[in-house]
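These notes are about the structure you will find just below.
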Amino acid sequence: MPKQYWLMKSEPDAFSIDDLAAVAQEPWSGVRNYQARNSMRDDMRVGDEVLFYHSNAKPAGIAGLARIARTAYPDETQFDPESDYYDPKATRETPRWFMVDVQFVSKFSKILSLAEIKSHAHLFSADFVPVRKGSRLSVAPVSAEDFRTAVQLAKSKR
DNA sequence: GCCAACGTTGGC
DNA sequence: GCCAACGTTGGC
């Protein structure tokens, strides 16, 4: 399968691009959306490239790049009654939620804000998640073209 | 804090 | 299987 591209959202108050840089690699636990899970479980491959998006941030936008370092395996937090992400319907025999490992690649010198992305919406496909109204997917596929465009835009900033 | 958009749940 | 109610996401 050719390399694929993704956008993954995180609230920087909880886990930012700086946090990812500090740990180098992180299990992406806590995803509790079926579409996002299916993308991680079925489609992500080691080496896939990721736009790391800060949501609920000032400003919101793409903060840097990451890559997939490990394919999907069961998210331990679903089995932990103490966890916010506990799922009583999940069992170790039939886990419901999966996670991948995400590895830090780079932090943009300046965040590519959502406002900037929208002001250049014509450069992106209509499917590009940040320009799609009301998109709430925490993990979403991105076309190779949109990925490249986002990286170029970010790097053209100073 | 507001609220639109969207996903999930559960009654029928 | 439909769909209203509800909860959450996420930009502003």
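Note that the coordinates shown come from a computational prediction; the quantities given were computed from them, not determined experimentally. Here is how names work: the chains are called A, B, and so on, in the same order as the sequence lines, proteins then strands, and each is numbered from 1. All values below come from the heavy atoms of this structure, side chains included, with hydrogens, waters and symmetry mates left out.
Rounded to an integer number of Å, the gap from A:Asp84 CG to C:dG7 P is 17 Å. In this structure, the CG atom of A:Asn33 is 14 Å from the P atom of C:dT8, given to the nearest Å. Across the protein-nucleic acid pair, A:Glu116 atom CD and C:dC12 atom P stand 12 Å apart, rounded to whole Å. Between the NE2 atom of A:His54 and the C1' atom of C:dT9 there is a distance of 17 Å, given to the nearest Å. With rounding to whole Å, A:Arg132 atom CZ is found 14 Å from B:dA5 atom P. Remark: P of B:dT9 and CZ of A:Arg32 are 12 Å apart, rounded to the nearest angstrom. Rounded to whole angstrom, the span from the CD atom of A:Glu11 across to the P atom of C:dC12 amounts to 15 Å. The distance between atom CG of A:Leu137 and atom P of B:dA5, rounded to the nearest whole Å, is 16 Å.
The distance between the ring centers of A:Trp97 and A:Tyr34 falls below 6.0 angstrom.
Comparing B:dG7, C:dG11, C:dG10 by their nearest atom to the side chain of A:Lys9 picks out C:dG10.
When the shell of 6.0 Å around OH of A:Tyr5 is examined, it contains more than 12 heavy atoms from other residues, nucleotides or ligands.
Screening A:Trp28, A:Phe108, A:Phe104 for a ring-ring contact (aromatic ring centres under 6.0 Å, His included) involving A:Phe52 leaves a single residue, A:Trp28.
Put simply, A:Lys133 has no side-chain N or O that comes within less than 4.0 Å of OP1 or OP2 on B:dA4. Taking 4.0 angstrom as the limit, A:Tyr53 places a side-chain polar atom (N or O) nearer than this to OP1 or OP2 of C:dG11. Checking the phosphate oxygens (OP1, OP2) of C:dC12, a side-chain nitrogen or oxygen of A:Lys118 falls inside 4.0 Å.
With hydrogens and angles left out, the side-chain atoms of A:Tyr85 and A:Asp80 include no donor and acceptor closer than 3.5 Å.
Using a 4.0 Å heavy-atom cutoff across all strands shown, A:Gln35 reaches sugar-phosphate atoms only and no base atom.
Closest-nucleotide positions on DNA chain B for A:Gly134 and A:Lys89 were compared, and the one nearer the 5' end corresponds to A:Gly134.
The shortest distance between side-chain heavy atoms of A:Phe79 and A:Pro95 falls below 4.5 Å.
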